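The structure appears below as structure tokens.
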Protein chains: 2
Amino acid sequence: MTVKVIQSVDRAIDILELFMASKPELSIKEISGKLELSKSTVHGIIKTLEYRGYLQQDPESLKYRLGIKLFELGNVVGNSMDIRKIASPLIRGLVEELSETVHLAVMEREEVVYVEKLEGPRTLTIYSHVGKRAPVHCTGVGKAILAYQSEEQIERMLTSGDLVAHTQHTMTDISVIREHLRTIRENGYAVDDEEIELGLKCVAAPIFDHQGNVTASISCSAPKVRADEVSFAEMVGKIMAAASEISAALGYRSPLVVNL
Amino acid sequence: MTVKVIQSVDRAIDILELFMASKPELSIKEISGKLELSKSTVHGIIKTLEYRGYLQQDPESLKYRLGIKLFELGNVVGNSMDIRKIASPLIRGLVEELSETVHLAVMEREEVVYVEKLEGPRTLTIYSHVGKRAPVHCTGVGKAILAYQSEEQIERMLTSGDLVAHTQHTMTDISVIREHLRTIRENGYAVDDEEIELGLKCVAAPIFDHQGNVTASISCSAPKVRADEVSFAEMVGKIMAAASEISAALGYRSPLVVNL
DNA sequence: CCTTTCGTTCGGCATTGTCGAACGCCGTTC
DNA sequence: GAACGGCGTTCGACAATGCCGAACGAAAGG
């Protein structure tokens, strides 16, 4: 079932997304090369995007970069996310208590997107950004969400892309992951033990919405050396507590405490 | 000089921007009505945008809202703004010292866009958001930038739109504003005294880039009652100091201290 | 000064997007 | 429970629109 797309709109999006994947500045030549379109076609679309403020041209190099209008629209989206408003103060508290970086992520298609990030005082450089995508199979936030999807959904999410091994600890066998997800459901939290980056350990907990679905999660990330037994247990407790508080604020009633 | 625009791309942008101006959820009917396009035309464009993640449909109401992809792209733009990285820690410091809300804004077309905002502890509800536009003629950040543009630029920016009076203190006479801008240049800072919102007073200072152009500014906003003589002087001093520190970090060499 | 490279303009052609009409799926009304 | 109305979706025909290649112009490099 391929959707009937408007070609020029589709191409305009292709152009915009080129700036995400590759360099922040691109010339018409580069764009037409990468998309295999004629210069004049690209020129027309680009001028439209520029005219509307979605691209801007550097007057010196004549190259283009993303325009402020995207910043505006992006913030409209960001400000309309209820979960962000609810989670923000809690995340601030977590960072203060744990002194480590905390992430909030939501599920989007077959990946997760970080929607909030607050770095701890002892900054370790994790390569993550608000607005960035991450795979589900090798991140704490991803696995915490994945574990609570339906069987079909899990199947889809794990088979849609390649299970890329980011480190030697990344699980790439689908049956191993499925078994691992069972453990996550039993524990109520997910651990990422150097599965996306060596030396990085994360604890993540699922966030339930008012319908009982999991579409978001929060995590705490620390260098493996700092995540020893004691502080690890503290991380688990605090992250899970925060996650259930956010879930409650979203209107979720835990099935365990429902008594009619 | 009207640019030759690609119609369908232009319309797709019209659709996206409808969500900024009006409600966060719109039906096809509403969109086709507002844009005076046939339902089928809107349908085609919307499905393309949805397919690419720039809109998402609520499965219940069948209405559409802006998609996460815009959040992603918006953050790419936000993270690539050098001025934000430079200014962020200074803004944090300002808020701590002044205990009032601080804004960072950049010029965009004939308006300013807030790119950073940090609220003071004593939160007064100013209706401003990161990513929101504001007029130049009645805001501190706007006037601080406007004062340092070329005569032609000032002319353009003041005549492009209506000089809307937001309060009885808003300056709407172009010659009065021009004279006012001269004062701003003499002082080195701009004051907004209840010109956009009653009871709100702001101090703003221009930020110079490496070429000596002013394309950004920072401001401190406080309820007029709290901006008494003493704290007002403190606000002016601290905002100007921060602005010149940011300017210096951007590579600006003040013409007053240049000695060859 | 010639060459190369890239952005821009132009015009003809066919693809593509557009529109109105019709369909089908709700929810509502009587 | 049948008829209605509203809305999203599909369809088909037409022509407007966007596409391409070629040519132009400007700027940079040798």
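Just so it is clear: chains get the letters A, B, ... in the order the sequence lines come, proteins before strands, and each one is counted from 1. Keep in mind that what you see is a predicted model, and the values were worked out from it rather than measured.
- If you take CG of B:L62 and C1' of C:dG24, they are 13 Å apart, rounded to a whole angstrom.
- Note: B:F208 and B:Y148 have perpendicular aromatic rings, judged against thresholds of 30 and 60 degrees for the angle between ring planes.
- In this model, the phosphate group of C:dG17 is not approached by any side-chain N or O of B:R11 to a distance below 4.0 Å at OP1 or OP2.
- Place A:L26 and B:S40 on DNA chain C by their nearest nucleotides, and A:L26 ends up nearer the 5' end.
- Judged by atom type and distance alone, B:S27 does not reach the base of D:dG8 through any side-chain donor-acceptor pair under 3.5 Å.
- Atom CG of B:L49 is separated from atom C1' of C:dG17 by 14 Å (rounded to the nearest Å).
- We find that CG of A:D14 is positioned 12 Å from P of D:dC19, with the value rounded to whole Å.
- The phosphate of D:dG6 has neither OP1 nor OP2 within less than 4.0 Å of any side-chain N or O from B:K29.
- Between B:I6 atom CD1 and C:dG17 atom P the separation is 11 Å, expressed in whole Å.
- Within the nucleic acid shown, B:K39 comes within 4.0 Å of at least one base atom, counting heavy atoms only.
- For B:H43, no side-chain nitrogen or oxygen approaches OP1 or OP2 of D:dG8 to under 4.0 Å.
- What you find for A:A144 and A:A205 is that their closest heavy atoms are CB-C, 4.0 Å.
- Side-chain nitrogen and oxygen atoms of A:Q7 include none within less than 4.0 Å of the OP1 or OP2 phosphate oxygen of C:dT15.
- Here the P atom of nucleotide C:dG7 and the CD1 atom of A:I45 are 15 Å apart, to the nearest Å.
- In this structure, NZ of B:K63 is placed 10 Å from P of D:dC7, rounded to the nearest angstrom.
- With rounding to whole Å, B:E30 atom CD is found 13 Å from D:dG8 atom C1'.
- Under 3.5 Å, the side chains of B:K117 and B:H129 contain no donor-acceptor pair of N or O atoms.
- You'll find that the side chain of A:I28 is closest to C:dT8, out of C:dT8, C:dG20, D:dG18.
- Side-chain N/O atoms of A:S8 include one lying less than 4.0 angstrom from OP1 or OP2 on C:dG17.
- We find that NZ of A:K4 is positioned 12 Å from C1' of C:dC19, with the value rounded to whole Å.
- Between the side chains of B:H180 and B:K143, at least one donor-acceptor pair of N or O atoms lies under 3.5 Å.
- Donor-acceptor pairing under 3.5 Å is lacking for the side chains of B:Q211 and B:D209.
- Distances shown here put a side-chain N or O of A:Q57 below 4.0 Å from the OP1 or OP2 atom of C:dT8.
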